[in-house]
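See below for the structure under consideration.
Start at 1 and go down the list; that is how both ligands and their atoms are numbered. Computed from a predicted model, the values in this text were never measured in an experiment.
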Amino acid sequence: MSKMIGIDLGTTNSCVAFMENGHATVIPNVEGGRTTPSVVAFTRSGERLVGQSAKRQAVTNAARTFSSVKREMGSDKSYRVDGKDYRPQELSAMILRKLKEDAEKYIGESVTDAVITVPAYFTDAQRQATKDAGTIAGLNVQRIINEPTSAALAYGFDRMDPRKVMVYDLGGGTFDVSILEIGHDMIEVIATAGNNHLGGDDFDQCVVGFLLDAFRKEHGMDLSKDPMAMQRLNEAAEKAKIELSSAKETTINLPFLAQTAKGPLHLETSLTRARFEELTAHLVEATRGPVQQSLQDAGLSPGEIDRVLLVGGSTRIPAVQEAVRKMMGREPSRDINPDECVAMGACLQGGVLTGAVNSLLLIDVTPLSLGIETLGDNFAQIIPRNTPLPCHHSQVFTTAANFQTSVEINVLQGERGTASGNRSLGKFRLDGIHRALRGIPQIEVTFTIDTNGIVQVTARDLGTNRSQDITITGSGNMSREEIQRAMRDAEMYAEQDRLKREAEAHHSSRSSRRDNNPQDDGAMEV
Ligand code: AMP
């Protein structure tokens, strides 16, 4: 088996790690960053940018730049560029391909196998879409694992006494809290809560607002409609925010931010940590609800949680750490880099699969219950939530009407008692049922879930032995043919991307100044 990589495919940033001399090691990208922005852009000249270069030109090329694609995984959404539609899986595959190629450069050999992480609340369709993205990128996805589980693995919690752990994950665009129960041979996610629209980007926007106000007060001018100025303000805001995680005060200096008849205007101001905390207090406060919700769902009080892990770059913000300390009444663990521990855990899981890591076999669980619709809008649960994977459960059903020769199987996922209250993952029909009075035919419905959480459902008429099955791909997912086509496209672009990178390497060795100037990047595209 070739080297296995662990990938944290994040909403804002992604990270890749591999096992090096028995340790999980983060692989820097070719630009030198330890995480890669999950951003893809198409320039007007037909180039494809992934990562930092795509992020840098985002505001000036907004219509052709795509970020937070992870939010759309498993949905029907498509992104149109130059007459071609891209599915979320295809854009995610472009990010995965860059991570794969950067890993190959770093390790010095080809990489084909990967473990990829997903949020614990991801549905089957979202998990399948993530797996498909890996396939399109040329990776054999050996396992899809839950992000909080992965973080716990990075902390080595699989080798400790049974305990309850809270993972508080505040990234760039999303907030997730999970409570895990770590047993002797498995890690279970027992509760998850969160807010899909809360993260570091919101903190940046508060600082952008502060800077716009400062500029307006000084020069009487509103810059919010000026894309070039906004691009620079966004970057400066994120930089100031990051500086304020270690410094008490920072200065923001943006020369030539606007041009007037009287000459150029500059922005020079300072921001203290205290003011930053005032500007963002509501965001920190907004994490309280999901924390309480997760505790309530798990039936635990803060005192019953043995450890609290901080995950996601935004947990570096001192006020966030303080809030967690207050809410949980204990010091959170921060000994592993919060934006790297998910990828590290994924590569450790890869190590378990290849035998490189001698550890307990990690077992994931079903995040939500699965079952089928029965007469009267009822939900018949076949696999309860939190069942360890892989699993295989069967139940026998019968017909609702006399001489009924076919049944429709509506596969549902969720916790509600009514069929309509849960999410339909797919439907199929079993025909040719033996004609009989209602209640006589015996139809066995079997659910099989593999270690990646991918579901197969079979219905069999025990009288005639006829059966029908489906693999749940979700309405938003791609067919095998579509995946094949996307893989061919990705292969085609791989060569083009390689040539482009070589040209870039050649170019940047001649002119590194251009790489450091955001305005130049904007200008390159238009
Ligand atoms: P992640 O998605 O986990 O990589 O988190 C990315 C978010 O973390 C972005 O919004 C970053 O601006 C933010 N971030 C990274 N480092 C820091 C830091 N030292 N202080 C505050 N925020 C940070």
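The option from C341, A240, S245 that lies nearest to atom 20 (N) of ligand 1, judged by heavy atoms, is S245. Comparing E243, R34, K241, K239 by heavy-atom distance to atom 22 (N) of ligand 1, the nearest is K241. When the heavy-atom distances from atom 6 (C) of ligand 1 to D202, T12, N13 are ranked, the shortest goes to N13. Taking each of S246, S38, G313 in turn, the one with a heavy atom nearest to atom 17 (C) of ligand 1 proves to be G313.
Inspection of the D339 and T35 side chains reveals no N or O donor paired with an N or O acceptor under 3.5 Å. Between T251 and N253, the side chains place no donor N or O within less than 3.5 Å of an acceptor N or O (distance only, hydrogens not considered).
Shortest contact from atom 2 (O) of ligand 1 to any protein heavy atom: G172 N, 3.3 Å. From the protein, the heavy atom lying nearest to atom 16 (N) of ligand 1 is R316 NH1, 3.6 Å.
Taking all atoms of both residues into account, the shortest heavy-atom contact from V208 to A237 is CG2-CB, 3.6 Å.
Proximity of T35 to ligand 1 is not established, as no heavy-atom distance is less than 4.0 Å. Using a 4.0 Å heavy-atom cutoff, S314 is listed among the residues neighbouring ligand 1.
A donor-acceptor pair under 3.5 Å links the side-chain atoms of R71 to the main chain of G173, judged by distance alone. Panel note: side chain T117, backbone E147; no donor-acceptor pair is recorded below 3.5 Å.
Atom NE2 of H23 is surrounded by 12 or fewer heavy atoms from other residues, nucleotides or ligands within 6.0 Å.
Residue contact check: E238 has heavy atoms under 4.0 Å from atoms 9 (C), 11 (C), 12 (O) of ligand 1. The G200 neighbourhood of ligand 1 comprises atoms 10 (O), with distances under 4.0 Å to a heavy atom of that residue. The contact set between ligand 1 and G312, taken as ligand atoms under 4.0 Å from a residue heavy atom, comprises 3 (O).
In this structure, F203 and F276 have tilted ring planes: the angle between them lies in the 30° to 60° band.
A distance of 6.0 Å or more separates the ring centres of F42 and Y79.
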